[in-house]
Each structure stands twice: as structure tokens, then as C-alpha cells.
Amino acid sequence: MSEQRTGTKCVQAGYTPGNGEPRQIPIIQSTTFKYDTSEDMGKLFDLEATGYFYTRLQNPTNDHVAAKIAALEGGSAGMLTSSGQAANFFALFNICECGSHIVASSSIYGGTFNLISVTMAKMGIEVTFVSPDASDDELDAAFKDNTRAMFGESIANPALTVLDIERYAAAAHRHGVPLIVDNTFPTPVNLRPIEWGADIVTHSTTKYMDGHGAAVGGAIVDSGKFDWMAHADKFPGLTTPDESYHGITYAEKFGKEGAFITKATAQLMRDFGCIQSPQNAFLLNLGLESLHVRMPKHVENGLAVAEFLEGRSEVQSVSYPGLKSSPYYERAKKYMPNGGCGVVSFELKGGREAAGAFMKKLKLAAIETHVADARTCCLNPATSTHRQMTEEQLAAAGIPAGLIRISCGLEDKEDLIADLEQAFA
Ligand SMILES: *Cc1c(COP(=O)(O)O)cnc(C)c1O
């Protein structure tokens, strides 16, 4: 059969039951797995044989769902993590260590900004933030000898800037490091970063992939394309023996296609234990089965709400890459011809106070620290998710104090607009 389309993969990829086996991915609710001999188990610990021994490292339910997400992104291997935060941390820490440096887009999720600029700084990992719209020269200038990764969000949460993935990937590759793209907002239904040169893709599956506000989770997908051995001096963790794993050299034993995810599983999952529960992986898969049906509706509602807000005199500005007036319109059309997501950011005249008063009046759109599920919700980032940032950092991330992020769910768009209208009234 020819390569399947995205919708078919959403429904069927990652799990093919044998004769008489469960049609739905079974929840393997077991911490451990039984073996007949110690020799059998020893082979697993040596990574000589594949199999399961302890759910902190790997679980069959999780692996089926990870395989589906890897297929959707067009990657060679994937893994689930307990959250999107864990996914981004693992993706970076798998190739960075004390003394490393990261180049990251300044327009990223507040939690990731904090992770990189505060928590990873405590581990001795430095970062240089660059504008998502930086010129090639500005990008090149950000790299150092100890740079080990470049990071950005395909559509940034909550600024809704669109990453020029091809140009970022080219810059990363000029400096011999991989580009990691957090693809949470568009999902692989609307954008597949690997097709544009990204090497590693991460997700907060908590958002559209789950889609129902039911389970926190994350995922990492490796393109299998980055040649670690060609830059062996930069990535000793992948290209020299791992003494904590019987001297295995991941890039030699598992090749370009398997090294990154195997190391993240065998080393980081073993030591940090940020595993997704099999129950949550099961719920995530239910969401994935309809992702390709839901995303177009989120896009339709997002565009309708953005166009409505743009016509209101109370609104200072609207950010939505699908709006013709958006500075990201052309870039969004190139990378996401079918639209990006259902999240719209807008700034009310009157700043923080006006935003608070307006949000109090909304009836359908609930105030939540969440985005990207079936129910419409909204948030003022400056007083919530991004409150740890200074005014200057907020400005650099494109987040004015009066910004409201509204995540358009799957309701009828006429009702969403009526809710906004009564709040303005
Ligand atoms: C929510 C989010 C995260 C963090 O994910 P959690 O599942 O909440 O840990 C990371 N990146 C983006 C773009 C997000 O929207």
C-alpha cells in the first residue's frame, strides 16, 4: 500500500492487532513484566533484545500511541512523556549538558521560556534568545562553539508568531546542530516540521492531540535524519560509549533513526522517570483518532472569531496568522495551507483592567489555564502563565499586558461570536 494520508494515520497508525487480539489499543496497566530466565531479562537491560521490563522506561500502550504520533509527523521513532514540559526538557537535555548553549526563539510558551532560561541555566546550560523574525545574519551571530541545539515553536503560544522553519533549520545545520520544533499548536494535521527540515519535533499532547482537556502528556519524535556521527565532537552522549549502559554507543548501535529516542528512553526516562501513564496514553489515542476531523473546525472557529474581533472598535489588535492583515499571513499560508489552529490572541484597549473586566462577562468562553480543547476558553497571559516575566521579556515575547488568548473550541461559531458580542455590550 502507498504511504497513508494523515487522517488514516490518525485513526489506524501505531497499532495493528493480530488474529483475535483487541481492536482498541489495550491499556497495559502493569508496572512490570515477567520473564522465564534471568538471561532473558539481562538481554533487555543490555539493549540486546527489545521487550518490556519496567513501565518507568517503556510500556506497550505508550509505545503504540508514540508510534502513531511518529507516523503522523513522518519521523523514524517517537516516545511519550508525562507532559509537554518533560518532552521539551528531554529533547534538549538529551544532547545538552553543563557547559552547552542553546539558541531559542524568544517567542515561546512561558513554561518553556522558564525551563530554558531559569531551570536549565541552573544546570549550567546557557541560552541566547533570537527573534522568530531574525535575519540569517542575526541567527548566525547567536551561535557559539558550544551551541548544541536550536529551538522554536511552529506557532508560538500565546504570541501566535509563525516560525520560518526552513530558515531556522538551515541556520541550525550551518552550525552542525539539530533544530527542535515544538509543534503543539498546528499538530501534524496542519504542519509537519520534518518536511521543512526540522530534526526533532515535540508536543504537549495535553492540547489538541488529546483535545478534550482530559490528560496531561507530551511526545518527542525524531526525524532520524540528523547525522550525529558527522558532528561527533558536539554530541559525545550519542557518539561515545555510555558507561551507565554497559558501554553502548547509541549512534553506532541504533543509527541515525534510533539513537536519539533510544538514549532518551534508556538514560533520561530511566533517571528522571517522566513517563506517561498508560491510562493517559489510552485517552490520548482516543483524541488522536479524531484529530484530523477536529482541527479544521478549530481553524474555522478561530478564523471567524479573529475576523469578528478585528472589526470591533474596543480591540487594539488581533493576532491570528490566518488573518490577511497578519504579518505572518504569507508564512502561515506557505507552511499551513489548511490553516493553523483555533487559538487567537487579541489586545483590548485599556490593558490589564479592560481584559479582566471583559473576560468576567464571557459565558461560553471560560477562564482557564488551558488551550486547545473542545470547549472555548480564554486567559490573560500577563497575569497568569507569563506572570514571572518582566515587562521587557513580555514585550520581547510579543505579549502586551492587555492581551487575551482565546482558544476557540468546537462549538458553533455563531454562538462563540454572540458570547463575545454580549461581553462587549
Ligand atoms: C502547553 C504547552 C507546553 C507545555 O505542555 P504541558 O503538557 O502543559 O507540560 C509546551 N509547549 C507549548 C507550545 C504548549 O502550548
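Atoms within each ligand, like the ligands themselves, are counted from 1 in listed order. All values reported here derive from a predicted model rather than from experimental measurement.
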Measure from the ring center of F226 to the ring center of F260 and say whether it is less than 6.0 Å.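 No, the ring of F226 stays outside the 6.0 Å limit from the ring of F260, centre to centre.
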
Are any non-hydrogen side-chain atoms of [X] and [Y] less than 4.5 angstrom apart?
{"X": "Q24", "Y": "E289", "result": "yes"}
{"X": "M209", "Y": "P188", "result": "yes"}
{"X": "T147", "Y": "V103", "result": "yes"}
{"X": "N62", "Y": "P278", "result": "yes"}

From the list T376, L416, L420, side-chain contact (heavy atoms from CB on, under 4.5 Å) partner of L364 resolves to L416

Dump all N/O pairs between ligand 1 and the protein below 3.5 Å as a table: atom names plus distance, one pair per row.
{"from": "ligand 1", "atom 1": "5 (O)", "to": "S204", "atom 2": "OG", "distance (Å)": "3.0"}
{"from": "ligand 1", "atom 1": "7 (O)", "to": "G84", "atom 2": "N", "distance (Å)": "2.9"}
{"from": "ligand 1", "atom 1": "7 (O)", "to": "S204", "atom 2": "OG", "distance (Å)": "2.8"}
{"from": "ligand 1", "atom 1": "7 (O)", "to": "T206", "atom 2": "OG1", "distance (Å)": "2.6"}
{"from": "ligand 1", "atom 1": "9 (O)", "to": "G84", "atom 2": "N", "distance (Å)": "3.0"}
{"from": "ligand 1", "atom 1": "9 (O)", "to": "Q85", "atom 2": "N", "distance (Å)": "2.9"}
{"from": "ligand 1", "atom 1": "11 (N)", "to": "D182", "atom 2": "OD2", "distance (Å)": "2.6"}
{"from": "ligand 1", "atom 1": "15 (O)", "to": "N157", "atom 2": "ND2", "distance (Å)": "2.8"}
{"from": "ligand 1", "atom 1": "15 (O)", "to": "K207", "atom 2": "NZ", "distance (Å)": "2.6"}

